[in-house]
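Working notes, beginning with the structure itself.
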Amino acid sequence: MTLSYMPGFGNDFETESLAGALPQGQNSPQRCAYGLYAEQLSGSPFTAPRGINERSWLYRIRPSVKHSGRFTPVKREHWKTAPNLDDHELPIGQLRWNPTPMPESAVNFIDSIRTMTTAGDVHGQAGMAAHVYAVNQDMVDDYFFNADGELLLVPEQGMLSIFTEMGIIEIEPSEICIIPRGMMFKVAALNGEARGYICENYGAKFSLPDRGPIGANCLANPRDFKTPIAAFEEKETPCRLHVKWCGKFYETLLGHSPLDVVAWHGNYAPYKYDLRTFSPVGAILFDHPDPSIFTVLTAPSGEEGTANVDFVIFPPRWLVAEHSFRPPWYHRNIMSEFMGLIYGQYDAKEEGFVAGGMSLHNMMLAHGPDAMGFNKASTVELKPQRLENTMAFMFETRFPQHLTRFAAELETLQDNYADCWSGLKKRFNGTPEGDWSE
């Protein structure tokens with residue numbers, strides 16, 4: 001089946017799977033067509049300003065009160081929620097991991113999630129968590145919704161099919177998907193297995209960053225965001241709905257699929273975005289600008305200019321700055337940075353940071369190019385250079401990211417990561433030229 005999408009970011013959409021299922025001129029008729037139930041799904045308070053007020057009207061076979069029964073608590077030992085403090089004994093430091101191994105036994109998307117870091121406090125709807133997933137089994141009769149935050153999915157291997165209440169989204173590496181807070185869905189691995197990263201955003205929803213002096217174009221353009229058309233699943237078989245609520249997990253048994261929305265309209269909806277359509281801007285004369293110019297999505301914190309979470313990418317691009325050190329510079333930062341690599345090589349880390357891997361540079365812990373990258377960038381002839389075959393990303397937050405026990409004890413943790421800076425030599429010798437001998 002070829003999927004269809006509606007373009008635009010934050011638009012007010014309307015879509016129906018059956019002709020005439022969507023009411024016209026009103027939201028809640030006395031009797032909906034096809035015997036459907038009208039239901040509103042709100043993603044913001046009723047009185048939120050118009051620009052950030054989000055809601056969608058769903059026309060479904062059964063109302064959502066029929067998609068829940070008696071909830072039973074369940075344990076998910078590897079999915080952690082902030083605050084999750086003192087979970088391990090590993091000291092602070094710059095950290096890096098090799099890729100998470102694919103599972104040897106069958107595991108579906110929800111069961112595969114492993115938390116690497118948590119930040120903030122889910123009860124105050126502030127902060128985030130960084131997770132990894134590695135899945136080799138489809139969710140067939142299992143469904144899930146997350147009351148704690150929206151989910152940003154970043155595939156690194158394999159394609160995912162995400163069947164949500166409001167339609168079906170397929171994503172592959174170099175694409176991302178946002179599933180709003182509270183939306184029911186299930187996930188299938190279209191290639192048999194898949195691996196990637198997740199940002200669970202507890203705070204204000206992701207939005208497009210203001211462009212400021214950049215103007216009306218470039219970065220992530222609204223038309224490149226795609227929202228699915230309506231699709232529904234009419235299935236009268238035993239199903240199970242899983243819920244995450246304030247860091248705890250519950251499940252309930254159903255006699256039918258909860259993905260039964262035949263038509264909907266509104267602006268609270270899932271969407272996908274192709275990172276290859278991001279139009280980067282950068283220095284065209286000298287110096288390396290701040291990495292914030294690569295922000296795709298931002299979740300504001302309430303403090304202007306300080307994000308709850310930023311989603312930043314480092315895509316293929318040209319480097320042309322004259323008489324400049326072109327890679328990212330050495331840095332200490334009030335923000336905390338969780339990075340992953342979708343494919344290729346990251347220009348500031350020429351060795352050790354591989355596709356599927358991760359790194360964590362927490363607030364005020366120094367980081368920057370490894371010794372090889374520094375020496376190369378400091379001596380190379382500065383001709384125009386195109387960075388090819390690269391796609392790294394960053395979940396950046398104003399909160400410290402606390403490591404989970406899983407991450408601290410993961411076998412793929414690189415014990416020697418800090419050694420990548422051991423080769424940085426003292427170049428100062430009292431002369432303006434410095435000592436550049438090997």
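Quick note: residue numbers are just sequence positions, from 1. Values below: every heavy atom of this structure, side chains too, minus hydrogens, waters and symmetry copies.
- For Arg181 and Glu150, the salt-bridge test fails: no basic side-chain N is under 4.0 Å from an acidic carboxylate O.
- In plain terms, the two heavy atoms of Asn27 and Ala38 that are nearest each other are O-CB, 4.0 Å.
- Residues Phe393 and Phe395 bring their aromatic ring centres within 6.0 Å.
- Tyr346 and Phe314 have tilted rings, their planes meeting at an angle from 30° to 60° on a 0 to 90° scale.
- Nearest heavy-atom pair, Asn267 versus Glu54, reported as atom, atom and distance to 0.1 Å: OD1-CA, 3.3 Å.
- Between Asp138 and Lys186, none of the side-chain N atoms (NZ, or NE/NH1/NH2) sits under 4.0 Å from a carboxylate O, so this pair counts as no salt bridge.
- With rounding to the nearest 0.5 angstrom, the CG atom of Leu413 is 9.5 Å from the CE atom of Met358.
- Separating the CD1 atom in Ile169 from the OH atom in Tyr273 is a distance of 15.0 Å, to the nearest 0.5 Å.
- Remark: Lys272 does not engage Glu170 in a salt bridge, criterion side-chain N to carboxylate O under 4.0 Å.
- Using modelled atom types, one finds a donor on one side chain and an acceptor on the other under 3.5 Å when comparing Ser64 with Glu39.
- Under the side-chain hydrogen bond (donor to acceptor under 3.5 Å, both in side chains) criterion, Arg76 pairs with Asp111, His242, not counting sequence neighbours.
- Relative orientation of the Phe225 and Phe9 rings is perpendicular, given thresholds of 30° and 60° on the angle between their planes.
- Between the side chains of Asp87 and Thr404, not a single donor N or O lies within less than 3.5 Å of an accepting N or O.
- The closest side-chain heavy-atom distance from Met116 to Gln401 is not below 4.5 Å.
- Taking the six-membered ring for Trp and thresholds of 30 and 60 degrees, His67 and His256 have ring planes inclined between 30 and 60 degrees apart.
- Ring geometry, Phe374 versus Phe325: the interplanar angle falls from 30° to 60°, so the pair is classed tilted.
- Taking the side chain as every heavy atom from C-beta outward, Met139 and Ile110 approach each other to under 4.5 Å.
- A pairwise comparison of heavy atoms in Phe399 and Ala119 identifies CB-CB, 3.7 Å as the closest pair.
- Taking each heavy atom of Pro173 and Ile342 in turn, the nearest pair found is CB-CG2, 4.1 Å.
- Proximity of Asn362 to Glu337: side-chain heavy atoms (C-beta onward) are nowhere separated by under 4.5 Å.
- Counted within 6.0 Å of CD on Gln26, heavy atoms from surrounding residues, nucleotides or ligands total more than 12; the atom is thus considered enclosed.
- The two residues Leu341 and Ala392 have their closest heavy-atom pair at CD1-CB, 3.7 Å.
- Using a 4.5 Å heavy-atom threshold, the side chains of Ile178 and Pro270 count as separate.
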> How far apart are the C-alpha atoms of Leu219 and Ile214, what are their side-chain angles, what is the distance that settles it, and do they pass the side chain to side chain contact (heavy atoms under 4.5 Å, CB included) test?
Replying inline: CA-CA 9 Å; Leu219 307 185; Ile214 294 173; 4.0 Å; yes

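- Side-chain contact, Ser257 with Glu233: a donor N or O sits under 3.5 Å from an acceptor N or O.
- Using cut-offs of 30° and 60° for the angle between ring planes, the Trp264 and Phe13 rings count as perpendicular.
- Among residues two or more places apart in sequence or in another chain, the ring-ring contact (aromatic ring centres under 6.0 Å, His included) test is passed with Trp79 by His131, Phe144, Phe249.
- For Arg240, the salt bridge (charged side-chain N to carboxylate O under 4.0 Å, His left out) criterion is met by Asp142, Glu251, not counting sequence neighbours.
- Residues Gln414 and Asn98 have side chains that bring a donor and an acceptor to within less than 3.5 angstrom of each other.
- Note on Asp310 versus Arg398: no salt bridge recorded, every NZ/NE/NH1/NH2 to OD/OE distance being 4.0 Å or above.
- Shown here for Val281 and Cys218, the closest heavy-atom pair between the two residues is CG1-CB, 3.8 Å.
- With a 6.0 Å radius and a threshold of 12 heavy atoms from other residues, nucleotides or ligands, Asn389 has its CG atom above the threshold.
- Aromatic rings from Phe109 and Tyr133 are positioned such that their centres are separated by under 6.0 Å.
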